[in-house]
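Heads up, the thing below is written out as structure tokens.
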Amino acid sequence: MKKEPERVEMDIQKIFLTPPNTMKEKITLVLMMVVVFIMFFGPVTFTEISPVKGIFLSALPAISISWGWMVLLRSLFRKREFCKDAKPQGKKGGTGKKK
């Protein structure tokens, strides 16, 4: 018998704007940025573009592609941390209402 996958509503703003907070995320992001930067900067070195402009042209896609992969990995493997809370948690032992 197959288990039905659980559907959760993702908090898009939280998943995109939260900076990497674990060491694993930071290392993954830096490695992806370096690899993508090298991929984009390699062909630029054989052109007549100035080095500063080449670095800038290679850094923009490296940052955006790496952050996109980070968001994808978060949405696949860390869903619980980035889903919208269905019910807010109040204080224990109370109803949350003030008299």
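Pairs passing the side chain to side chain donor-acceptor pair (under 3.5 Å) check and including a residue from residues 43-60, sequence neighbours excluded, do not occur. For residues 25-42, every residue pair satisfying the side chain to side chain donor-acceptor pair (under 3.5 Å) rule, not counting sequence neighbours, is listed here: Glu25-Arg74, Glu25-Arg78.
Criterion: ILVMFWY side-chain heavy atoms under 4.5 Å apart, direct or through other members. Under it, Phe16 and Leu72 are part of a common hydrophobic cluster. Ile15 and Met70 end up in the same hydrophobic cluster when Ile, Leu, Val, Met, Phe, Trp and Tyr side chains are linked at under 4.5 Å. In the hydrophobic cluster analysis, where Ile, Leu, Val, Met, Phe, Trp and Tyr join through side-chain heavy atoms closer than 4.5 angstrom, Phe77 is grouped together with Leu29. Met23 and Val30 are not part of a single hydrophobic cluster, where members link through side-chain heavy atoms under 4.5 Å apart. Cluster membership for Met39 and Ile63, using ILVMFWY side-chain heavy atoms within less than 4.5 angstrom, is not shared.
Expressed to the nearest 0.5 Å, how far CD1 of Ile65 lies from CZ of Phe37 amounts to 13.0 Å. Once rounded to the nearest 0.5 Å, the distance linking CD1 of Ile55 with CG of Leu60 reads 12.0 Å.
Scanning for ring pair (Phe, Tyr, Trp, His ring centres under 6.0 Å) contacts around Phe56 gives an empty result, with sequence neighbours left out. Applying the side chain to side chain contact (heavy atoms under 4.5 Å, CB included) criterion to Leu31, with sequence neighbours excluded, gives Ile27. Residues passing the ring pair (Phe, Tyr, Trp, His ring centres under 6.0 Å) test with Phe40: none are found, sequence neighbours excluded. Legend: residues meeting side chain to side chain contact (heavy atoms under 4.5 Å, CB included) with Ile38, ordered by chain and number and at least two apart, are Val34.
With hydrogens and angles disregarded, a donor-acceptor distance shorter than 3.5 Å links the side chain of Ser64 to the backbone of Pro61.
The environment of CH2 in Trp67 is crowded: more than 12 heavy-atom neighbours from other residues, nucleotides or ligands sit within 6.0 Å.
Residues Ile49 and Gly54 come closest through the heavy atom pair CG2-N, 3.7 Å.
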